[in-house]
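Written out below as structure tokens is the structure these notes cover.
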Amino acid sequence: MSDLIAAFYERNSAKFDSSRRKSFSERAWLDRFLQPLPKGGRVLDLGCGAGEPVSRHLIDRGFMVSGVDISPKMVGLCRTRFPRHRWINADMRRVAMDGFYDGVLAWDSLFHLHGDEQAAVIVRIGAWLAPGGRVLFNTTPVKGTEMESFQGEPLYRPSLEPHQYREAFVRAELAEIDYRPEDPACGGRSIWYLRKA
């Protein structure tokens with residue numbers, strides 16, 4: 001699936017970037033995620049895309065961003081737009097990160113992985129977080145595979161049951177702060193907000 005996702009974003013990078021910059025319904029959740037983080041702190045953006053609008057919002061708020069994305073074209077756009085920050089072309093399942101992060105974000109990205117892979121990445125996120133650090137990511141609401149399309153191409157979004165995500169949180173030493181299934185204020189995304197124990 002990761003090869004299909006990478007190829008999809010490579011083919012559609014310019015159109016997806018243009019479309020994504022017009023939508024920012026997640027801003028309130030991002031502000032909640034950033035509020036407790038130390039000023040100038042380190043944030044890891046998994047599946048950063050081309051950096052608009054999410055990474056830009058983090059940078060505008062004064063945070064140092066490391067972004068990871070599987071699409072070389074998307075990472076290239078980030079490097080052009082935000083050269084003072086770190087952009088890595090890699091698969092989030094295998095990327096090696098150094099040091100600890102005050103926050104880890106996986107917005108509109110983790111749900112591209114199979115369910116067991118999502119759980120494994122959540123455990124990795126726990127290892128990358130500093131004590132008290134925050135995590136924000138979104139999923140589909142119930143176990144199964146949701147499908148949407150972009151430019152006439154299918155995008156598959158597998159999901160676990162909420163209790164399976166919570167089992168991964170225990171392994172990752174993450175405490176749940178909030179879970180908002182199908183949040184109508186955020187385009188119907190199901191949102192998880194966590195803290196490193």
Side-chain angles (χ1 to χ4, degrees), residues 1-13 16-17 20 26 29-30 33 43-51 54-55 58 65-75 78 87-97 101 103-129 133-151 153-174 176 179-183 186-194 196:
M1 183 175 290
S2 63
D3 290 340
L4 294 174
I5 294 298
F8 169 86
Y9 283 111
E10 283 293 279
R11 283 193 305 275
N12 295 289
S13 58
F16 184 84
D17 178 50
R20 190 63 180 93
E26 62 270 49
W29 277 102
L30 289 176
F33 163 71
V43 177
L44 176 60
D45 187 356
L46 293 172
C48 60
V54 173
S55 291
L58 307 180
V65 175
S66 293
V68 175
D69 201 274
I70 200 166
S71 164
K73 287 183 180 176
M74 294 291 199
V75 170
C78 286
W87 308 104
I88 304 165
N89 177 214
D91 187 323
M92 70 174 75
R93 297 171 302 172
R94 291 183 283 274
V95 66
M97 304 305 300
Y101 291 85
V104 178
L105 181 69
W107 196 260
D108 286 352
S109 60
L110 190 68
F111 60 32
H112 287 312
L113 304 177
H114 291 295
D116 57 339
E117 294 174 327
Q118 292 182 41
V121 170
I122 288 167
V123 174
R124 300 192 83 204
I125 286 170
W128 291 328
L129 268 178
R134 298 299 201 268
V135 181
L136 184 67
F137 71 97
N138 60 299
T139 64
T140 53
V142 293
K143 185 175 182 179
T145 301
E146 184 177 89
M147 189 178 79
E148 63 174 347
S149 65
F150 182 81
Q151 297 294 312
E153 293 192 58
L155 267 178
Y156 298 94
R157 305 191 305 184
S159 180
L160 297 170
E161 295 278 5
H163 75 87
Q164 294 173 301
Y165 285 110
R166 291 181 172 118
E167 289 168 2
F169 301 160
V170 171
R171 296 196 300 275
E173 299 181 346
L174 297 172
E176 185 178 331
Y179 170 53
R180 202 75 56 86
E182 299 181 83
D183 184 358
C186 201
R189 295 172 174 95
S190 293
I191 300 164
W192 297 89
Y193 178 44
L194 314 166
K196 175 76 172 186

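Looking at residues two or more places apart in sequence or on another chain, you find a side chain to side chain contact (heavy atoms under 4.5 Å, CB included) between A90 and V68, I88, V95. Residues satisfying the salt bridge (charged side-chain N to carboxylate O under 4.0 Å, His left out) test with E167, not counting sequence neighbours, are none.
With hydrogens and angles disregarded, no donor-acceptor distance shorter than 3.5 Å links the side chain of K196 to the backbone of E173. Here the side chain of R171 pairs no donor or acceptor atom with the backbone of A120 at under 3.5 angstrom. D183 places no side-chain N or O within donor-acceptor distance of the main-chain N or O of G188, the cut-off being under 3.5 Å. Put simply, the side chain of S66 never gets that close to the backbone of L44: no donor and acceptor are under 3.5 Å apart. Here the side chain of Y165 pairs a donor or acceptor atom with the backbone of L160 at under 3.5 angstrom. Judged by distance alone, the side chain of S190 and the main-chain N or O of P181 form no donor-acceptor pair under 3.5 Å.
Shortest non-hydrogen contact noted between P162 and Y179 is CG-OH, 3.8 Å. The shortest non-hydrogen separation linking V65 to S55 is CG1-OG, 4.3 Å.
Counting heavy atoms from C-beta on, the side chains of F169 and W192 come closer than 4.5 Å. At least one side-chain heavy atom of V135 sits under 4.5 Å from a side-chain heavy atom of L174. A heavy-atom distance below 4.5 Å is found between the side chains of N138 and F111. Under the 4.5 Å side-chain criterion, counting only non-hydrogen atoms from C-beta, C48 is not in contact with W107. A 4.5 Å side-chain heavy-atom check between V43 and F33 finds at least one atom pair inside the cut-off. Side-chain contact between I191 and E26: absent, with no pair of heavy atoms (C-beta onward) separated by less than 4.5 Å. Two residues are said to be in side-chain contact when any heavy atoms from C-beta on lie closer than 4.5 Å; C186 and W29 meet this criterion. Side-chain contact between V104 and L136 is absent, with no heavy-atom pair separated by less than 4.5 Å.
Summarising the geometry, atom CZ belonging to R93 is positioned 8.0 Å from atom NE2 belonging to H114; distances are rounded to the nearest 0.5 Å. Rounding to the nearest 0.5 angstrom, the gap separating the CG atom in L58 from the CG atom in D45 is 6.0 Å. Atom CD in E117 sits 10.5 Å away from atom CE in M92 (nearest 0.5 Å). Note that CG of L129 is 13.0 Å distant from CZ of R124, once rounded to the nearest 0.5 Å.
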Next item on the list: Mind running side-chain contact (heavy atoms from CB on, under 4.5 Å) on R180 and Y193 for me, showing each step along the way?
Entry: CA-CA 9 Å; R180 202 75 56 86; Y193 178 44; over 6 Å; no

Checklist line | D108/F137 under side-chain contact (heavy atoms from CB on, under 4.5 Å): CA gap, chis, key distance, verdict | finding: CA-CA 7 Å; D108 286 352; F137 71 97; over 6 Å; no

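In the displayed structure, E176 atom CD is contacted under 6.0 Å by more than 12 heavy atoms of other residues, nucleotides or ligands.
With salt bridges taken as basic N to acidic carboxylate O contacts below 4.0 Å, none links R189 and E182.
Checking V54, I125, L46 one by one against L105, the side chain to side chain contact (heavy atoms under 4.5 Å, CB included) holds for a single residue, V54.
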